[in-house]
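Heavy-atom basis, side chains included; hydrogens, waters and symmetry copies ignored.
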Amino acid sequence: MAEEKTSGIVPPKYDVNAKWDTCIDLSVRRFAYSSLAGAFTGLLFFRSPATRWASVAFGAGVGIGSAYSDCSRIFNGSPAKLASPKISGTPAPQGGQE
């Protein structure tokens, strides 16, 4: 009976349902909090309704973008790293000297 219980447990690395739950929760929270921060900033700094809505939209975009990057890190492991430029140790030859 103990063997049946342990065979049904999925390691956290392969538990897709837990990853989706985490990503949805993270996305909703970041969207809501950053939209509220944008609304507060819009009320504090701007007078026209268009700029206030733009502030809310900017906050929502920042929240969705950060949630997307964290969710891609959760699903894919680690984020993609940019390749660093290769620097050679020898100096480049100049025009008259070789």
Side-chain angles (χ1 to χ4, degrees):
M1 188 156 212
E3 294 172 343
E4 291 176 11
K5 288 183 181 179
T6 58
S7 65
I9 297 174
V10 178
K13 182 179 179 181
Y14 300 111
D15 192 9
V16 179
N17 289 332
K19 289 180 181 182
W20 273 108
D21 289 342
T22 303
C23 283
I24 290 171
D25 180 52
L26 186 71
S27 299
V28 168
R29 266 201 266 146
R30 289 205 179 162
F31 176 77
Y33 292 154
S34 60
S35 295
L36 287 174
F40 178 72
T41 304
L43 286 173
L44 192 63
F45 291 118
F46 303 121
R47 293 185 126 191
S48 75
T51 53
R52 287 181 178 174
W53 280 110
S55 176
V56 172
F58 178 75
V62 167
I64 289 294
S66 67
Y68 176 79
S69 65
D70 281 350
C71 285
S72 67
R73 189 174 301 124
I74 288 171
F75 277 106
N76 297 330
S78 63
K81 295 182 181 176
L82 298 175
S84 61
K86 306 226 178 196
I87 301 173
S88 62
T90 60
Q94 296 180 356
Q97 300 172 349
E98 287 195 30

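- Expressed to the nearest 0.5 Å, how far NZ of K19 lies from CG of N76 amounts to 8.5 Å.
- A ring-ring contact (aromatic ring centres under 6.0 Å, His included) check over residues 51-70, counting only residues at least two apart or in different chains, returns nothing.
- Around the CZ atom of F75, the shell of radius 6.0 Å holds more than 12 heavy atoms that belong to other residues, nucleotides or ligands.
- Note on residues 34-44: no pairs pass side-chain hydrogen bond (donor to acceptor under 3.5 Å, both in side chains), not counting sequence neighbours.
- Evaluation of the side-chain contact (heavy atoms from CB on, under 4.5 Å) rule for T22 yields I74 as partners, not counting sequence neighbours.
- F45 and L43 sit in two unconnected hydrophobic clusters of ILVMFWY residues. Membership requires side-chain heavy atoms under 4.5 Å apart, directly or through other members.
- Between L26 and C71, the shortest heavy-atom distance links the atoms CD2-SG, 4.4 Å.
- Note that CG of L36 is 9.5 Å distant from CZ of F31, once rounded to the nearest 0.5 Å.
- Panel note: side chain S66, backbone V62; a donor-acceptor pair is recorded below 3.5 Å.
- Distance check, rounded to the nearest 0.5 Å: CZ of R30 to CG of D25 gives 10.5 Å.
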